[in-house]
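No experiment lies behind these values; they were computed from the predicted model shown. For the single chain, residues carry numbers from 1 onward in sequence order.
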Amino acid sequence: MSPEIVFLDRETLPATVRRPEAPHRWVEYAQSGVEEARERLRTATVAISNKVPLTAELIYGAPELKCIAVAATGYNIVDLAACRDRGIVVSNIRDYATAGVPEHALMLMLALKRQLLSYRRDLAGGAWQRAPGFCHFGAPLHDLAGGTLTIVGSGALGQALGKLARALGMHVIFAEKKEATSLRPGYVPFDQAITQADVISLHCPLNERTRNMIAARELGLMKPDAVLINTARGGLIDEAALLDALKAGRIGGAGLDVLIEEPPRNDNPLLDVDLPNLIITPHIAWAGAETMQRLADQLIDNVDAFLRGEPRNVVS
């Protein structure tokens, strides 16, 4: 009998998804709630999920399930302990966004350092039209060239951003892990890296060690004109502390592509303020057409490899 492959939230990947090479039965749903997923995976051999949580209860209720292909790099939606107990292979997507995410982070830091929103607001209010000279001087502008970029997370995305930043003349440093008791070659102690930064960009996973790694204490260590960029996971930053720091002018600005709750249905205070030094985009750093197609191709490569008996990108 051909394996059944069920894509639980196909709508979350607006790219061409080719079918696996091996004989199979393909079933896809635009979106799935947890209860719907339980029924939809009842006879599935392979489950594909981007954001649908695959809980222990759901995993134990899918007796034919042999593989979970996560359509993302992060796999915290999957109960890995249950998968190990059941002998289920879990694979993820790796190093697919090394162009899109660093470009998005660079866009945010440029917009903040060059005060794009502030000058757009001034122009809309007629400030240039009323200027006595040929230009209007508003919020202070800062060059990226010559500044220090602190990158938290030295994987493929962090390294790719470092390459772009060096091309613009920035000094790039990588922060050591926050709780580290020793210093790896080429890294700077976490607090020192935060203190030195003109720009901080986060590119690390979210786990219990990194949750709220940037909170009131860390924001207090930043230079008053430094900006904070997060294209990784929302939970890395204490959002309430960030909003306080922005309102008080304790940091220069923040550019976020991620929030703790996504989508933010419960009136996130960061979305209720109109600040020229805060830019929020709706988790789209990864969503360039070329980047998404690389993800979709790698996703099916992972499924093909499992069906051949040669699992790849295995996390459990």
Side-chain angles (χ1 to χ4, degrees), residues 7-15 29-37 47-55 58 68-80 90 92-94 96-97 100-105 107-109 111-112 152-153 155 157-158 161 200-215 228-246 253-275 278-289 291-292 295-296 299 315:
F7 198 154
L8 291 170
D9 49 357
R10 174 67 177 86
E11 192 177 70
T12 65
L13 183 55
Y29 301 94
Q31 295 282 357
S32 298
V34 173
E35 290 303 318
E36 292 171 318
I48 300 176
S49 174
N50 189 345
K51 300 301 178 188
V52 180
L54 298 174
T55 63
L58 190 152
I68 295 172
V70 181
T73 298
Y75 47 86
N76 54 315
I77 62 166
V78 181
D79 190 312
L80 295 182
V90 181
N92 72 333
I93 306 298
R94 303 181 186 183
Y96 74 99
V101 170
E103 287 179 9
H104 200 86
M107 174 194 73
L108 292 172
M109 64 179 74
L112 289 163
V152 182
L157 296 179
L161 176 61
I200 300 168
S201 192
L202 307 182
H203 297 278
C204 52
L206 175 64
N207 51 45
E208 289 312 306
R209 178 179 59 80
T210 60
R211 191 176 303 277
N212 287 335
M213 70 185 305
I214 303 294
L228 175 63
I229 308 296
N230 188 10
T231 55
R233 291 291 182 267
L236 298 173
I237 297 175
D238 180 330
E239 292 177 351
L242 174 61
L243 183 56
D244 287 346
L246 289 169
L256 311 176
D257 187 51
V258 287
L259 295 173
I260 293 172
E261 182 192 32
E262 298 178 347
R265 303 197 190 281
N266 295 304
D267 298 323
N268 188 314
L270 288 170
L271 298 177
D272 294 334
V273 294
D274 182 19
L275 298 173
L278 172 63
I279 302 174
I280 300 177
T281 54
H283 205 142
I284 53 166
W286 70 285
T291 296
M292 286 195 295
L295 186 158
L299 174 67
V315 298

Quiz item: How far apart are the C-alpha atoms of L54 and L8, what are their side-chain angles, what is the distance that settles it, and do they pass the side-chain contact (heavy atoms from CB on, under 4.5 Å) test?
Solution: CA-CA 10 Å; L54 298 174; L8 291 170; 3.9 Å; yes
Quiz item: If you take all heavy atoms of V258 and A232, which pair is closest and at what distance?
Solution: CG1-O, 3.6 Å
Quiz item: Is R233 close to L202 at the side-chain level, that is, under 4.5 Å between some pair of heavy atoms?
Solution: no
Quiz item: How many angstroms lie between atom CD1 of I260 and atom CZ of R211, to the nearest 0.5 angstrom?
Solution: 8.0 Å
Quiz prompt | Side chain to side chain, I214 and L242, heavy atoms closer than 4.5 Å | solution = no
Quiz prompt | Least distance between heavy atoms, N207 atom then R209 atom | solution = OD1-N, 2.9 Å
Quiz item: Does T231 reach the side chain of L108, with side-chain heavy atoms less than 4.5 Å apart?
Solution: yes
Quiz item: Could you give the distance from OG1 (T291) to CD1 (I284), rounded to the nearest 0.5 Å?
Solution: 12.0 Å
Quiz item: Are the side chain of E262 and the backbone N or O of L259 linked by a donor-acceptor pair below 3.5 Å?
Solution: yes
Quiz item: Closest heavy-atom contact between L271 and P264?
Solution: CD1-CG, 3.5 Å
Self-check item: Closest contact, heavy atoms only, A254 versus L246
Solution: N-CD2, 4.0 Å
Exercise. Indicate yes or no: at least one non-hydrogen side-chain atom of V52 is less than 4.5 angstrom from one of L58.
Key: no
Practice problem: Could you tell me whether the side chain of L299 reaches within less than 4.5 Å of the side chain of L13, counting heavy atoms only? | Solution: yes
Quiz item: Does E239 reach the main-chain N or O of L270 with its side chain, forming a donor-acceptor pair under 3.5 Å?
Solution: no
Practice problem: Dump the intermediate steps for side-chain contact (heavy atoms from CB on, under 4.5 Å) on I280 and N268, then the final yes or no. | Solution: CA-CA 12 Å; I280 300 177; N268 188 314; over 6 Å; no
Practice problem: Identify the two heavy atoms, one from G153 and one from C204, that lie closest to each other, and give their separation to 0.1 Å. | Solution: CA-CB, 4.3 Å
Quiz item: Is K51 close to D9 at the side-chain level, that is, under 4.5 Å between some pair of heavy atoms?
Solution: yes
Which pairs would a plain distance check flag for residues 68-80, meaning a side-chain donor or acceptor within less than 3.5 Å of a matching protein atom at least two apart in sequence or in another chain?
unit_1	atom_1	unit_2	atom_2	d
T73	OG1	I93	O	2.9
D79	OD1	A81	N	3.2
D79	OD1	A82	N	3.0

Quiz prompt | Steps toward side-chain contact (heavy atoms from CB on, under 4.5 Å) verdict (Q31, T12) | solution = CA-CA 8 Å; Q31 295 282 357; T12 65; 3.6 Å; yes
Quiz item: Could you give the distance from CG (D238) to CE (M213), rounded to the nearest 0.5 Å?
Solution: 13.0 Å
Practice problem: Hey, could you give me the CG/CD1 distance between D257 and I279, rounded to the nearest 0.5 Å? | Solution: 11.5 Å
Exercise. Output the distance between atom CE (M107) and atom CD1 (I229), rounded to the nearest 0.5 Å.
Key: 9.0 Å
Self-check item: Over all atoms of both residues, closest heavy-atom pair of A15 and A296
Solution: CB-CB, 4.1 Å
Self-check item: OG1 on T210 to CG on L236, rounded to 0.5 Å
Solution: 5.0 Å
